[in-house]
Undergrad: 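Got a structure here, written out as structure tokens. Questions coming.
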Amino acid sequence: MTKQCTKYLIMAKENYGHRRTLHSFNKKSQAVKQLKKILSKPEGNKTSYRNAQSGTGINNPRIKKIRGYC
């Protein structure tokens, strides 16, 4: 039998619709750190990290807590 654990997913809608999973983490602190990175403003280049990650842009990213297999 496989062991179950809590996972934290970062899910977001892309500009064309449908919500999808961007990242999966075992610790909430890791998920929060990545979410802040996605939501941060661009430093020098006009293309921000959230636009560069998917190519179409990311709208309304959020953390979802699920029970999954380790």
Side-chain angles (χ1 to χ4, degrees):
M1 184 171 214
T2 58
K3 185 179 176 183
Q4 283 193 341
C5 60
T6 303
K7 289 192 172 196
Y8 297 91
L9 306 176
I10 296 181
M11 302 185 77
K13 273 190 172 180
E14 296 174 344
N15 286 341
Y16 60 82
H18 313 296
R19 188 166 292 281
R20 70 179 178 104
T21 302
L22 299 175
H23 300 284
S24 174
F25 299 99
N26 292 328
K27 294 183 179 181
K28 187 172 183 177
S29 60
Q30 293 173 333
V32 170
K33 185 176 179 182
Q34 184 66 25
L35 186 62
K36 286 182 181 179
K37 189 175 181 182
I38 291 172
L39 293 173
S40 66
K41 293 183 179 179
E43 290 178 7
N45 191 356
K46 294 293 181 187
T47 305
S48 67
Y49 181 77
R50 66 192 304 180
N51 286 334
Q53 244 190 347
S54 66
T56 59
I58 297 170
N59 293 328
N60 197 12
R62 60 184 69 186
I63 297 174
K64 182 177 181 183
K65 180 180 175 181
I66 63 165
R67 292 287 291 168
Y69 295 104
C70 294

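Counting begins at 1 with the first residue of the sequence. If you're wondering where the values come from, they're calculated on a predicted model, not measured in any experiment.
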Undergrad: Please list, chain by chain and in numerical order, all residues satisfying side chain to side chain contact (heavy atoms under 4.5 Å, CB included) with Lys33, sequence neighbours excluded.
TA: none

Undergrad: Nearest 0.5 Å, what's the CD-CD1 distance between Gln34 and Ile63?
TA: 10.0 Å

Undergrad: Does Leu39 share a hydrophobic cluster with Phe25, counting links as ILVMFWY side-chain heavy atoms below 4.5 Å and allowing steps through other members?
TA: yes

Undergrad: Can you confirm whether His23 sits close enough to Ile38 that some side-chain heavy atom of one is under 4.5 Å from a side-chain heavy atom of the other?
TA: yes

Undergrad: Please report the closest heavy-atom contact between Arg19 and Asn60, naming both atoms and the distance.
TA: NH1-O, 3.5 Å

Undergrad: Could you state the interatomic distance from CD (Gln30) to OG (Ser24), rounded to the nearest 0.5 Å?
TA: 10.0 Å

Undergrad: Hey, can you pull the donor-acceptor pairs under 3.5 Å for the side chains in residues 4-12, sequence neighbours left out?
TA:
residue, atom, partner, partner atom, Å
Thr6, OG1, Arg67, NH1, 3.3
Lys7, NZ, Tyr69, O, 3.4

